[in-house]
2 protein chains.
Amino acid sequence: MTPAPGSPGDVLTLISAGSATTRSDLARLTGLARSTISQRVDALIESGLVQETESGESTGGRPPRQLRLHTDGHAFAGVDVGATHCRVALMDISGEVLAECEDPLLVTEGPETVLAHVDTRLDLLLAEAGRPRSALRALGMGVPGPVEFATGRPNNPPIMPGWNDYPIPEHFEDCVVLVDNDVNVMALGEHRNAFPGTSHLLFVKVGTGIGCGIVAEGRLHRGAQGSAGDIGHIRVSGHDDAGCRCGNSACLEAVAGGAALARRLTELGVPAATGADVVALVQAGDTLALRLVREAGRHIGEVLAGLVNFFNPEVIVIGGVLSRVHEHLLAGIRETIYRRSLPLATHHLSIVPSRTGEDAAALGAGLLAIEHYLSPDNINKLVNA
Amino acid sequence: MTPAPGSPGDVLTLISAGSATTRSDLARLTGLARSTISQRVDALIESGLVQETESGESTGGRPPRQLRLHTDGHAFAGVDVGATHCRVALMDISGEVLAECEDPLLVTEGPETVLAHVDTRLDLLLAEAGRPRSALRALGMGVPGPVEFATGRPNNPPIMPGWNDYPIPEHFEDCVVLVDNDVNVMALGEHRNAFPGTSHLLFVKVGTGIGCGIVAEGRLHRGAQGSAGDIGHIRVSGHDDAGCRCGNSACLEAVAGGAALARRLTELGVPAATGADVVALVQAGDTLALRLVREAGRHIGEVLAGLVNFFNPEVIVIGGVLSRVHEHLLAGIRETIYRRSLPLATHHLSIVPSRTGEDAAALGAGLLAIEHYLSPDNINKLVNA
DNA sequence: TATCTTCCGCCGATCATCGAACAAAGAGGG
DNA sequence: CCCTCTTTGTTCGATGATCGGCGGAAGATA
């Protein structure tokens with residue numbers, strides 16, 4: 001129902017969002033009677049979803065008992081499957097990280113190998129956190145390629161041989177599994193962690209390739225085929241000679257991606273193989289590398305300028321390996337966006353480096369799982385059962 | 001509340017969407033008891049929102065009484081304020097047009113003049129439809145510039161002198177007024193009218209300038225400052241000599257907009273002043289005009305190819321004056337999009353000319369008003385009162 | 001210590017919803 | 001033509017959820 005939001009799920013949403021920490025808050029926000037709220041809260045405590053902590057500050061009368069998510073007894077996992085690494089984070093229901101690990105692992109080893117690895121790490125982390133496997137409620141996973149979100153199957157991922165159409169969720173039988181593109185979960189992680197108040201955010205990952213996660217109205221926009229945000233193959237002007245692996249030329253990725261920068265540096269006599277090498281050179285003070293990074297920033301900025309006009313975000317977050325030298329990358333990006341976008345769209349626009357860093361992906365994947373579990377529909381089912 | 005959707009507003013939503021036409025349908029869809037549904041329907045009939053029409057087809061038992069929106073007693077207005085015209089449509093609550101008119105009118109005359117004109121037209125149309133002014137429940141308006149949707153005030157519109165920050169809703173005291181950008185309401189009109197099933201749609205208006213309305217998850221995306229969709233100033237490659245009124249160069253609008261095409265034709269010895277002139281020349285068989293339009297299509301396609309990668313829509317609709325020669329414009333657009341966008345994104349993508357035509361804007365503006373009035377929140381308020 | 005304020009649980013009153021029973025209206029069959 | 005079956009719609013008592021007042025709890029203030 002639309003009016004008088006007051007189901008157990010809605011009540012929990014208010015608690016988990018931090019909008020309400022006491023029964024009085026809940027009564028005021030929902031419009032329900034205090035007695036009704038008490039009943040709801042009792043049910044949520046009964047289900048092990050909420051706990052009471054000792055009194056809070058008094059405002060002149062009896063101090064209210066604080067309510068918060070019950071962080072024991074449940075566990076959620078966020079998995080970041082990268083091209084060459086695998087990171088697993090174990091989180092409690094509030095989004096706090098309980099334990100975390102990262103290992104080098106090639107996604108090209110195929111789904112069975114990678115998912116088996118995730119499984120063993122999961123057991124280790126659960127042991128470390130002192131929770132049984134049965135406490136695991138949901139698992140979110142980000143993978144480096146397009147995914148059909150509804151089914152959790154990769155959709156012709158270019159750099160994940162053997163994964164096409166593989167039903168990832170079926171590998172984990174006893175818990176809900178949500179799979180999404182890695183950039184999407186990074187965007188989610190960054191949004192929830194650093195910019196919870198904003199409605200429209202773009203997260204741009206500048207690594208070997210270039211991708212973008214889109215948060216619209218606070219929710220991920222995946223598009224019709226789940227391929228939204230694939231900005232690496234948008235054309236930039238003046239580089240028709242730059243051939244791309246996709247078969248076209250002048251793609252953003254072929255001009256400003258980490259791999260492209262490394263290749264260009266190598267051609268110019270400074271050996272570099274990956275985006276990380278480029279970053280290292282910049283940090284070492286190599287002026288050529290620095291110039292290339294700034295130029296890359298301008299090219300990225302050209303594409304983003306168009307997207308700012310189109311999408312009108314409040315925040316653009318720059319992440320990925322190349323953002324380690326963000327002071328140089330951002331200079332070019334900002335310069336170009338402010339020159340090429342409309343004043344109305346840029347006036348309140350922030351362009352910032354990622355604040356969440358390395359584990360934005362694992363964190364975002366975990367949050368995907370947690371938010372699914374905490375959705376009012378799901379909670380109402382749990383409480384009634 | 002989230003579970004068991006069954007407030008009067010939700011019931012009406014099902015009726016107005018055509019998902020349910022009988023009480024039984026409603027009981028089945030909402031999960032509520034038949035008696036409860038009857039009670040809800042009675043309340044809606046009482047409020048004048050729903051009417052019963054005589055029996056439907058029997059399926060072996062008593063034939064159900066059909067329910068539909070009560071189309072008498074209410075009226076809604078959709079106003080399309082263009083640069084040089086003003087169109088007003090009077091609609092009933094089901095979205096059917098009762099009466100309509102269009103007059104030449106310069107938006108540069110300023111808000112008082114234009115809104116006074118709207119007022120007189122409104123009275124004429126109401127008289128024509130035989131409804132009193134008091135029947136007017138809500139009014140939607142599309143204007144050729146950015147608008148702060150929440151307040152209904154134009155936000156530094158470049159071609160609407162005197163309108164900046166003018167509080168349009170205050171001019172119509174006795175009814176709710178919603179103001180939006182013209183391209184947004186066109187997108188809404190086209191979506192509701194021709195593609196109600198799709199989630200993600202782009203409506204591209206190619207007229208004097210070039211703009212884009214965005215439908216995401218079935219709702220308009222307006223962006224942080226309400227300036228989303230302003231694609232006319234996205235850079236196209238290889239035209240750094242084309243200066244734009246915005247101060248930059250190589251803007252899509254300056255290369256492929258109707259005004260730019262007319263100017264270019266004139267330079268080449270074929271006099272043309274506006275986009276309409278260009279269309280006329282193409283229709284008269286002028287090969288030069290035709291070549292320019294095709295070329296414009298390719299430039300628009302280049303920008304749209306990027307947006308397809310970014311946004312991943314299901315449908316792109318081409319409207320505006322230039323779409324009158326859409327067979328030529330679309331050829332270039334399709335060619336470029338299919339060449340420059342990712343296969344995953346283009347595989348299920350339709351690129352089609354507007355099916356709604358001239359009054360997409362007035363229609364969309366009216367629908368904006370109607371959908372606001374029919375929103376569950378508003379209906380619940382009405383029924384309880 | 002007395003009083004005030006706020007918080008929280010208890011409990012009877014109230015209200016919305018349900019579901020069974022019944023009436024209505026047509027289909028189909030003998 | 002009449003009888004039975006099916007589906008629809010309404011009526012009404014039963015049920016269960018919500019409300020709001022009351023009183024106890026717990027701290028602030030004086």
Side-chain angles (χ1 to χ4, degrees), chain A residues 1-12 14-15 19-47 50-68 376 379-385, chain B residues 1-12 14-15 19-47 50-68 376 379-385:
Chain A
M1 281 208 256
T2 342
S7 69
D10 296 322
V11 169
L12 188 61
L14 290 170
I15 296 175
S19 319
T21 62
T22 71
R23 290 172 173 78
S24 311
D25 286 350
L26 289 167
R28 195 162 20 79
L29 289 172
T30 61
L32 274 71
R34 289 188 307 282
S35 48
T36 309
I37 289 296
S38 271
Q39 182 179 304
R40 292 268 190 282
V41 170
D42 287 348
L44 290 170
I45 292 176
E46 186 83 15
S47 313
V50 167
Q51 65 180 339
E52 259 177 357
T53 68
E54 278 312 307
S55 63
E57 283 303 289
S58 162
T59 57
R62 172 176 172 175
R65 276 179 275 174
Q66 300 292 116
L67 301 171
R68 63 164 69 147
I379 293 299
N380 289 335
K381 258 185 285 181
L382 290 175
V383 172
N384 290 335
Chain B
M1 281 208 256
T2 342
S7 69
D10 295 323
V11 169
L12 189 61
L14 290 170
I15 296 175
S19 317
T21 62
T22 71
R23 290 172 172 79
S24 310
D25 286 350
L26 289 168
R28 195 162 19 79
L29 288 171
T30 60
L32 273 69
R34 286 208 309 281
S35 49
T36 309
I37 289 296
S38 270
Q39 183 178 303
R40 292 267 189 285
V41 171
D42 286 349
L44 290 170
I45 292 177
E46 188 85 15
S47 313
V50 167
Q51 65 180 339
E52 261 179 355
T53 69
E54 277 310 308
S55 62
E57 283 302 288
S58 162
T59 58
R62 172 174 173 174
R65 274 180 274 173
Q66 300 292 115
L67 301 171
R68 64 163 70 144
I379 293 299
N380 289 335
K381 256 184 286 177
L382 290 177
V383 172
N384 290 335

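Excluded from the calculations below are hydrogen atoms, water molecules and symmetry mates; all remaining heavy atoms, backbone and side chain alike, are included.
For A/E52 and C/dC7, the CD to P distance is 14 Å, given to the nearest whole Å. Atom CZ in A/R28 sits about 12 Å away from atom P in C/dT6, given to the nearest Å. Between the CZ atom of B/R23 and the P atom of C/dA25 there is a distance of 13 Å, rounded to whole Å. Spacing between atom CG of A/L26 and atom P of D/dC19 amounts to 13 Å, rounded to whole angstrom units. For the pair A/Q66 CD and D/dA26 P, the computed distance is 16 Å after rounding to whole Å. For A/D10 and D/dA17, the CG to C1' distance is 16 Å, given to the nearest whole Å. Put simply, CD1 on A/I37 is 14 Å from C1' on C/dC7, counting in whole angstrom units.
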Between protein and nucleic acid, restricted to nucleotides 27-30 of chain C and to nitrogen or oxygen atoms under 3.5 Å apart, what atom pairs and distances do you find?
none

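For D/dT8, its base sits under 3.5 Å from the side chain of B/R62 at one donor and acceptor pair at least. Between the side chain of A/S38 and the base of C/dG9 there is no donor-acceptor pair of N/O atoms closer than 3.5 Å.
Closest-nucleotide positions on DNA chain D for B/R65 and A/Q39 were compared, and the one nearer the 5' end corresponds to B/R65.
The residue B/R34 sits close to a base: some heavy atom pair falls under 4.0 Å.
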